[in-house]
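Report on one structure; see the data block that follows.
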Protein chains: 2
Amino acid sequence: MPASPPLADSTALIARIHALAARATPARIAVLRLLDEAERALSHREIEDALGTGFDRVTLYRVLDWLVESGLAHRVIDAGRVFRFSLASPANATHTAHAHFRCEACGKVFCLDEIPVPTPALPAGFSGKAVEYCITGQCARCDQSEQEK
Amino acid sequence: MPASPPLADSTALIARIHALAARATPARIAVLRLLDEAERALSHREIEDALGTGFDRVTLYRVLDWLVESGLAHRVIDAGRVFRFSLASPANATHTAHAHFRCEACGKVFCLDEIPVPTPALPAGFSGKAVEYCITGQCARCDQSEQEK
DNA sequence: ACCCTTATCGCAACAGAGTTGCAATTAAGA
DNA sequence: TCTTAATTGCAACTCTGTTGCGATAAGGGT
């Protein structure tokens, strides 16, 4: 187990929260930092485990709701009926399209920001807004460990 | 309330079930017929409501599980954390790709079988299998009723 | 038409993720 | 430092889906 990850600059995180006219509470700072350092979409459970017993379940749910409402994070639903959260990159804060990759082996969900999401033609009368694009398969790590067997 | 919908040929449905070496029970026939007539993906709740009080909750869950396991139906997860089911068209029984449209207003999910699902390039090491492609917006009916206001 | 076997069913109890109400706490502006 | 409204923590709840198990009935054989 490595030492605690290098602390991201708390001041910057606090500023980001204050910019939304919200209070910079420990729970918000901790969740924001965790998501900022994560390279994949995290579930409530994963966040709870990562942060230890310092915060109440419900507080974390509310922090996550707040993140989504304020546009700082995306919420996607996982095949296992759990929500996963990832920070919205400042550029695409207006979440028009977002691609994800879900590994069947480890269950983790990765954000594929760099993949362009095509906008398809819809049947008459239908107007599309957001496009959810999720690819299921094996991630790099699981694919590798499978070959080692 | 219109009269009961025209009964699809029960014999054909029963044959379809027998072809899987399974027993043609009333629950299976009813669910199969309902999904066959539905033009969109139905949730367990919608199926339960549509079929009335004749079947147990759990029985319907098990029928749906059986449909998915035997490849007769697809199961997709909805933004509201509920599973939705749609019959797999015999042609694409091997569910390679499938597109859906979810209406924000009425919550219904439509199958867009005719839309081609593009296969994107993945980061190194990742291997994709299934692609879930879901567009969120307003369906034809809700779009229309909104303009009438 | 009647039996058997066993796949299915129905009930009841459970599990997990997420939500709500409300009193206690605390961030942050005055 | 003081005030006050935004947040928190707790407890209880909802909802979707699952599991165990005895009872029922589909369908093949006689």
Side-chain angles (χ1 to χ4, degrees), chain A residues 10-11 13-32 41-70 72-85 102 107-109, chain B residues 10-11 13-32 41-70 72-85 102 107-109:
Chain A
S10 289
T11 315
L13 294 175
I14 291 174
R16 230 155 128 191
I17 295 171
H18 282 171
L20 295 168
R23 291 188 183 174
T25 65
R28 284 180 178 165
I29 297 171
V31 171
L32 198 51
L42 301 180
S43 66
H44 171 272
R45 192 36 137 8
E46 291 171 330
I47 292 170
E48 200 178 9
D49 290 348
L51 296 183
T53 55
F55 305 101
D56 189 80
R57 252 166 48 78
V58 179
T59 297
L60 295 182
Y61 273 118
R62 288 200 266 235
V63 166
L64 292 168
D65 286 348
W66 166 77
L67 278 172
V68 172
E69 277 168 27
S70 59
L72 281 187
H74 292 155
R75 180 206 319 246
V76 292
I77 185 84
D78 167 292
R81 301 197 338 121
V82 306
F83 289 130
R84 289 184 171 274
F85 302 85
R102 197 181 89 88
K108 293 180 181 174
V109 173
Chain B
S10 289
T11 314
L13 295 176
I14 291 174
R16 232 156 128 190
I17 294 171
H18 282 171
L20 295 168
R23 291 186 183 175
T25 66
R28 283 180 177 164
I29 297 171
V31 171
L32 198 51
L42 301 179
S43 66
H44 171 273
R45 191 37 135 10
E46 290 171 332
I47 292 171
E48 199 177 10
D49 291 346
L51 296 183
T53 54
F55 306 102
D56 189 80
R57 250 164 50 77
V58 179
T59 297
L60 296 182
Y61 274 118
R62 288 199 265 235
V63 166
L64 291 169
D65 286 348
W66 166 79
L67 279 172
V68 172
E69 277 169 27
S70 59
L72 281 188
H74 293 156
R75 184 209 319 251
V76 291
I77 183 83
D78 166 291
R81 300 197 339 122
V82 306
F83 289 130
R84 290 183 171 275
F85 302 85
R102 197 181 89 90
K108 293 180 180 174
V109 173

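Per chain, numbering begins at 1; letters A, B, ... match sequence-line order.
The separation between A:L42 atom CG and C:dA17 atom P is 15 Å, rounded to whole Å. For the pair A:D49 CG and C:dG16 C1', the computed distance is 14 Å after rounding to whole Å. Rounded to whole Å, atom P of C:dT8 lies 13 Å from atom CG of B:D65. Taking atom CG of residue B:L13 and atom C1' of nucleotide D:dA26, one finds them 17 Å apart after rounding to whole Å. Atom CG in A:L67 sits about 12 Å away from atom P in D:dT7, given to the nearest Å. Rounded to an integer number of Å, the gap from CD of B:E48 to P of D:dC15 is 13 Å. Nucleotide C:dA17 holds its C1' atom 13 Å from the CG atom of A:L64, rounded to whole Å. Distance, A:L20 CG to C:dA27 P: 18 Å, rounded to whole Å.
Interatomic distance, A:R62 CZ to A:E69 CD, rounded to the nearest 0.5 Å: 12.0 Å. B:I17 CD1 to B:L67 CG: the interatomic distance, rounded to the nearest 0.5 Å, is 8.0 Å. Once rounded to the nearest 0.5 Å, the distance linking CZ of A:R16 with CD1 of A:I14 reads 12.5 Å.
Contact annotation for A:R28: backbone-only contact, meaning every heavy-atom pair under 4.0 Å involves sugar-phosphate atoms and none involves a base.
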>> Before you tell me yes or no, could you show the steps for A:V63 and A:F85 under side-chain contact (heavy atoms from CB on, under 4.5 Å), namely the whole-Å CA-CA distance, both residues' side-chain angles and the distance that decides it to 0.1 Å?
In response: CA-CA 11 Å; A:V63 166; A:F85 302 85; over 6 Å; no
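Taking the nucleotide of DNA chain C with the nearest heavy atom to each of B:A21 and B:R81, the more 5' of the two is matched to B:A21. In terms of position along DNA chain D, the nucleotide closest to B:I77 lies nearer the 5' end than the nucleotide closest to the other residue of the pair B:P26 and B:I77.
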Enumerate donor-acceptor pairs with a distance under 3.5 Å from any side-chain N or O in residues 18-32 of chain A to protein atoms, sequence neighbours excluded.
unit_1	atom_1	unit_2	atom_2	d
A:T25	OG1	A:R28	N	3.4
A:R28	NH1	A:R23	O	3.0

Result block: side-chain N/O donor-acceptor pairs under 3.5 angstrom for residues 43-52 of chain A, not counting sequence neighbours:
unit_1	atom_1	unit_2	atom_2	d
A:S43	OG	A:E46	N	3.1
A:H44	NE2	A:R57	O	3.2
A:E46	OE1	A:S43	N	2.9
A:E46	OE1	A:R84	NH1	3.0
A:E46	OE2	A:R40	NH2	3.3

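The minimum heavy-atom distance linking B:R102 with B:V109 is given by the pair CG-CG2, 3.6 Å.
Checked against side-chain contact (heavy atoms from CB on, under 4.5 Å), B:R81 has the following partners two or more places apart in sequence or in another chain: A:I77, A:R81, A:F83.
From one end of the helix from C:dA1-D:dT30 to C:dA30-D:dT1 to the other, with five pairs defining each end axis, the axis direction shifts by 30° (rounded to 10°).
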Where do N or O atoms of nucleotides 28-30 of chain C meet protein N or O atoms at under 3.5 Å, pair by pair?
unit_1	atom_1	unit_2	atom_2	d
C:dA28	OP1	A:H18	NE2	2.5
C:dA28	OP1	A:A24	N	2.7

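Contact check of residues 55-62 of chain A against DNA chain C (heavy atom, cut-off under 4.0 Å) returns A:R57, A:V58, A:Y61, A:R62.
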